Amino acid sequence: MTDTAIPLSTRAAARPVAAPWLADLNPAQRQAVEAVEGPVLMLAGAGTGKTRALTARIAQIIALGRARPHEILAVTFTNRAAREMRDRVARLLGEVGEGMPWLGTFHAIGVKILRRHAELAGLKSGFTILDTDDQLRLMKQVIIAAGIDEKRLPARLLAQIIDGWKNRALTPDRVPGAEGAEFEGRAPALYAAYQQRLRELNCCDFGDLLLHCLTIFRTHEDVLAEWQRRFRYILVDEYQDTNVAQYLWLRLLAQAHHNICCVGDDDQSIYGWRGAEVGNILRFEKDFPGARVIRLEQNYRSTPHILAAASGVIAANRGRLGKTLWTELEEGEKVRLIGHWDGEEEARWIGEEIESLQRGTRGMDPFGLDQIAILVRAGHQMRAFEDRFLAIGLPYRVIGGPRFYERQEIRDAMAYFRLAVSPGDDLAFERVVNLPRRGLGEKALQTIQSTARAHGLSLAGGAEAALAGRKVAGKGAAGLRAFLDGIARWHDAVLAGANHVELAQVILDDSGYTAMWQADRSPEAEGRLENLKELVKALEEFDNLQGFLEHVALIMDNDSGQGGERVTLMTLHAAKGLEFPAVFLPGWEDGLFPSQRSMDAGGLEEERRLAYVGITRAERFCVISFAGNRRIWGQWQAALPSRFIDELPPEHVEVLTPPGLYGGRAAASAAPSASVVEERAAGADVYNSPGWKRLQSRGIHPQAPVRPAKRDEEPAFATGARVFHQKYGYGTVGAVEGNKCDVTFDHAGEKKVIATYLVAGAQAGDVPF
DNA sequence: CATTAGAATAACACC
DNA sequence: TATTCTAATG
């Protein structure tokens with residue numbers, strides 16, 4: 001280590017040498033921790049203990065007295081990573097480590113900074129943060145206002161383009177002329193108009209949180225200097241995922257002292273689609289001359305076969321920085337590979353495999369359910385697993401699915417809260433003026449909008465004016481009156497500092513929103529009401545509504561953890577940074593993984609890195625599988641095994657041949673209906689496909705089901721019968737179709753269930769979960 | 001203005 | 001298949 005010459009502060013010198021955070025670090029990690037001054041690039045392969053090194057480094061900085069906790073900027077990409085780092089620092093340092101206000105995601109830190117200088121960006125400090133949904137609606141308005149047919153130029157596309165610009169730190173005035181060609185050359189103007197609208201509404205979208213900061217830093221030297229002075233040390237996690245805006249932001253902040261430590265792995269760069277630039281990591285040394293590059297290559301996570309399989313796949317990529325991961329762990333099991341006839345079969349097989357892992361199999365110790373994960377390429381693959389696991393009563397948890405805060409009822413409720421906090425929130429106003437129905441339709445809304453625009457008022461103000469001028473009349477008027485009075489009342493309550501939890505409940509009840517769902521007889525209404533209750537409960541953890549709203553805007557990753565032992569189901573993207581003793585990687589088919597898009601557009605390398613990320617999540621058990629047929633939008637489609645399967649080094653892979661797809665236990669528990677088998681035949685040409693032959697040449701022989709469609713021997717339940725289901729509890733049978741029944745469960749709502757999993761039962765109430 | 005049936009359309013990954 | 005949008009009807 002060369003930095004012993006750097007003078008230590010008096011406080012540090014007084015400390016005993018023993019430093020618990022340095023214990024058990026390997027030489028590379030230790031180097032990364034001790035090289036505190038100057039730029040450092042830590043190239044940390046999967047499972048090499050980079051979080052450990054990062055947290056130890058923070059501990060080192062603090063313990064040596066180089067900086068106090070609030071003088072360290074530590075950026076992560078996910079809230080989960082931030083939380084973990086915070087916990088681990090606290091564990092290393094005790095109380096001293098707890099107060100790290102500048103440890104968080106880029107976005108969370110961006111807002112915090114922006115709040116202090118909002119006026120410099122043309123905003124007021126209380127600005128609201130729009131989510132994707134609001135963003136799209138606003139863009140749609142801008143498009144329409146520009147007199148463009150929204151069908152020709154969909155808001156989604158514009159949003160993509162603008163996000164792309166924001167990722168690259170391009171404000172409307174900086175968009176290069178050549179880029180404006182899309183949208184008939186109107187995109188730049190629409191971008192400017194959109195930004196204008198945001199400012200009028202006192203709003204930011206996600207990209208703005210950083211972009212505004214950046215603009216302020218660029219134009220106000222004094223402000224930049226202030227933050228440069230504050231952040232004496234900077235640490236960045238997942239550096240390979242930074243986009244240009246983030247990169248510039250970091251570079252500005254680190255410019256003065258160069259005390260920046262970036263940790264990343266070019267092989268795990270999987271966010272190119274949202275603007276991440278692997279180039280950032282590749283040019284670090286150029287940006288920060290004299291940077292020390294430290295490689296962490298000892299892997300503590302995966303057994304050799306798993307590591308070798310992952311390395312084999314990633315080796316096909318070009319332009320890597322290159323790392324050689326090694327491990328001292330016992331050899332362990334080979335990676336397993338298995339082909340299935342279709343997606344349902346795959347889910348069925350994995351379900352059974354999980355059950356035998358639980359019991360302990362092949363001389364392996366039993367796995368707990370929370371040690372097992374299924375990692376899929378795309379969200380829609382999850383359904384097959386959910387269906388299957390529900391059917392066999394296997395507890396599971398979905399991470400990253402439809403998020404709590406994105407549900408309709410939650411967003412509606414939040415719109416009400418936003419109105420209470422700031423009655424001028426037009427987007428919120430629009431969302432709920434007529435929800436529940438108040439007799440206000442498109443026409444009334446248009447009147448309100450034009451009145452508002454004519455007087456330069458918010459929509460709420462415009463509505464007042466329209467009422468006063470009798471431009472809105474009839475039964476809509478009464479409803480609107482009540483709505484406006486409500487907003488005024490709630491806003492007063494907020495200003496008066498009323499208890500926000502009670503207020504929230506009052507708002508939901510007063511507005512008639514709760515009543516709306518209570519009156520709703522559809523099966524999901526009950527669930528929605530429960531969600532609303534949960535929402536109100538969640539408020540208790542915050543000081544006020546404002547704080548809550550901001551929190552929600554930034555918490556996009558939901559780890560609704562808890563709830564005992566469960567199998568984890570998530571996307572490969574969501575899995576980055578996690579590890580599991582046992583991992584299933586289903587759906588390795590060309591077109592799905594690698595995705596069709598990447599195959600068309602040449603994004604295969606990123607896709608391959610995703611495969612690498614997937615395999616390296618596994619500690620000691622890893623199964624890759626593919627299905628020959630998959631149902632897409634209700635249509636059966638044949639697929640070839642993924643080209644990545646060819647890249648798996650054969651000596652580290654054990655090919656499993658399914659024990660007769662419909663023999664054995666599987667057949668007894670879930671016989672497919674005749675129609676399903678017929679449809680399956682449509683995929684038979686898979687056998688002549690190059691992919692299939694490729695596999696056979698390697699000794700892989702996925703079996704097709706050769707079995708006549710057999711009659712459903714199960715006596716179906718009659719419509720109206722009372723039944724019991726292991727997972728859903730008691731319910732009443734509705735339509736019956738073959739061996740599938742539509743059952744309206746007393747508590748779980750309406751579901752389609754296979755008759756085998758139902759038993760006759762009469763009881764109402766009591767759901768044994 | 002609300003309701004409804006039928007058509008169009010959708011799906012890659014996320015802070 | 002499941003949701004969302006549109007036009008037609010009450």
Side-chain angles (χ1 to χ4, degrees), chain A residues 75-82 104-111 129-132 135 140 150-151 154 156 160 163 166-167 204-211 237-238 241-243 245-246 268-276 343 375-384 387 399-403 405-406 408 434-446 472-477 479 524 552-558 570-577 587 591-601 603 606-607 609-611 613-614 630-637 679 752:
Chain A
V75 219
T76 63
F77 269 84
T78 64
N79 291 289
R80 189 188 60 223
T105 62
F106 272 104
H107 296 283
I109 290 169
V111 198
I129 302 159
L130 299 190
D131 59 24
T132 325
Q135 196 185 339
K140 198 180 265 186
E150 207 254 327
K151 270 187 199 128
R156 271 195 88 87
Q160 247 180 304
D163 275 345
K166 288 191 175 178
N167 286 336
C204 273
D205 64 19
F206 280 110
D208 285 338
L209 297 178
L210 273 166
L211 194 49
D237 193 14
E238 308 281 13
D241 290 335
T242 51
N243 61 33
Q246 289 158 339
Q268 292 188 66
S269 161
I270 55 176
Y271 284 105
W273 50 272
R274 69 171 193 208
L375 310 181
V376 297
R377 170 70 248 259
H380 64 261
Q381 289 173 261
M382 293 191 195
R383 168 155 308 176
D387 284 352
I399 293 187
R403 289 168 259 263
Y405 293 116
E406 279 172 10
Q408 187 195 331
N434 200 30
L435 200 80
R437 300 251 130 93
R438 296 190 174 88
L440 298 159
E442 208 166 322
K443 215 179 87 206
L445 202 61
Q446 261 170 19
V472 175
K475 67 176 169 190
E524 67 269 12
V552 167
L554 294 173
I555 294 298
M556 297 310 275
D557 58 8
N558 71 338
M570 66 176 134
T571 64
L572 286 162
H573 282 88
K576 189 159 70 140
L592 180 59
F593 188 38
S595 72
Q596 192 58 53
R597 249 185 178 215
S598 68
M599 290 167 62
D600 299 342
E606 178 155 317
E607 214 67 3
R609 293 193 287 264
L610 204 45
V613 167
R630 216 169 266 282
R631 199 178 191 131
I632 298 168
W633 297 322
Q635 296 269 290
W636 283 100
Q637 278 205 288
E679 280 173 290
K752 207 167 236 148

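Lettering follows sequence order; numbering is per chain, from 1. Bear in mind that the values here come from a model prediction, so they are computed numbers and not experimental data.
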- Task: Mind calculating the distance between CD (A/Gln135) and P (B/dC14) to the nearest angstrom?
- Result: 16 Å
- Query: Is a donor on one side and an acceptor on the other found under 3.5 Å between the side chain of A/Gln635 and the backbone of A/Ile632?
  - Reply: no
- A/Asn434 vs B/dC1: side-chain N/O to OP1/OP2 distance below 4.0 Å: no
- Message: Tell me if the side-chain of A/Arg377 makes a donor-acceptor pair with the base of B/dA13, cut-off 3.5 Å, by modelled atom types.
- Response: yes
- Task: Find the distance A/Gln408:CD to C/dT4:P and express it as a whole number of Å.
- Result: 8 Å
- Query: Taking CG from A/Asp387 and C1' from C/dT1, how many angstroms apart are they, rounded to a whole number?
  - Reply: 12 Å
- Task: Compare the minimum distances between each of C/dT1, B/dC15, B/dC14 and the side chain of A/Thr571, then state the nucleotide with the smallest one.
- Result: B/dC14
- Task: Hey, which sits more toward the 5' end of DNA chain B by its nearest nucleotide, A/Glu606 or A/Gly439?
- Result: A/Gly439
- Among B/dC15, B/dT3, B/dC14, which nucleotide sits nearest the side chain of A/Phe206? B/dC15
- Message: How many whole angstroms separate atom CD1 of A/Ile109 from atom P of B/dC15?
- Response: 16 Å
- Note on the structure: To the nearest angstrom, the CH2-P distance between A/Trp273 and B/dA11 comes to 14 Å
- Message: So, taking the atom named CZ in A/Phe593 and the one named CG in A/Leu610, what distance separates them when rounded to the nearest 0.5 Å?
- Response: 4.5 Å
- Message: For a quick check, tell me whether the side chain of A/Trp633 and the base of C/dA2 share a donor-acceptor pair closer than 3.5 Å.
- Response: no
- Item | Closest nucleotide among B/dC14, B/dC15, B/dA11 to the A/His380 side chain | B/dA11
- Query: If you look at every strand shown and take non-hydrogen atoms under 4.0 Å, does A/Arg438 touch a base, only sugar-phosphate, or nothing?
  - Reply: nothing
- Query: Atom CD of A/Glu238 and atom CZ of A/Phe77: how far apart are they, to the nearest 0.5 Å?
  - Reply: 7.5 Å
- Rounded distance [0.5 Å steps], CG in A/Leu445 versus CG in A/Asn434: 8.5 Å
- Interatomic distance where CZ belongs to A/Arg383 and C1' belongs to C/dT1 [whole Å]: 8 Å
- Message: Tell me whether A/Arg377 contacts the main-chain N or O of A/Leu592 through its side chain, where contact means a donor paired with an acceptor under 3.5 Å.
- Response: no
- Item | Touch class at under 4.0 angstrom, heavy-atom based, for A/Ala444 against every strand present | sugar-phosphate
- Rounded to whole Å, the CD-C1' distance (A/Glu607 to B/dA13) equals 8 Å
- Walking DNA chain B from its 5' end, the first of A/Ala574 and A/Gly441 to be reached, judged by nearest nucleotide, is A/Gly441
- Should A/Ser595 be listed as having a side-chain N or O under 4.0 Å from OP1 or OP2 of B/dA13? no
- Message: I'd like to know if the side chain of A/Glu606 and the backbone of A/Gly272 have a donor-acceptor N/O pair within less than 3.5 Å.
- Response: yes
- Select base, sugar-phosphate, or nothing to describe what A/Tyr271 touches, counting heavy atoms under 4.0 Å on all strands. sugar-phosphate
- Task: Please work out if A/Gly379 contacts a base, only the sugar-phosphate, or nothing of the nucleic acid, heavy-atom cut-off 4.0 Å.
- Result: sugar-phosphate
- Message: Say we look at C/dT6 and B/dA11: how far apart would their C1' atoms be, to the nearest angstrom?
- Response: 22 Å
- Just compare B/dC1, B/dC15, B/dC14 and give me whichever is closest to any side-chain atom of A/Lys443. B/dC1
- Query: Roughly how many Å is it from CZ in A/Arg156 to P in C/dC5, rounded to a whole number?
  - Reply: 12 Å
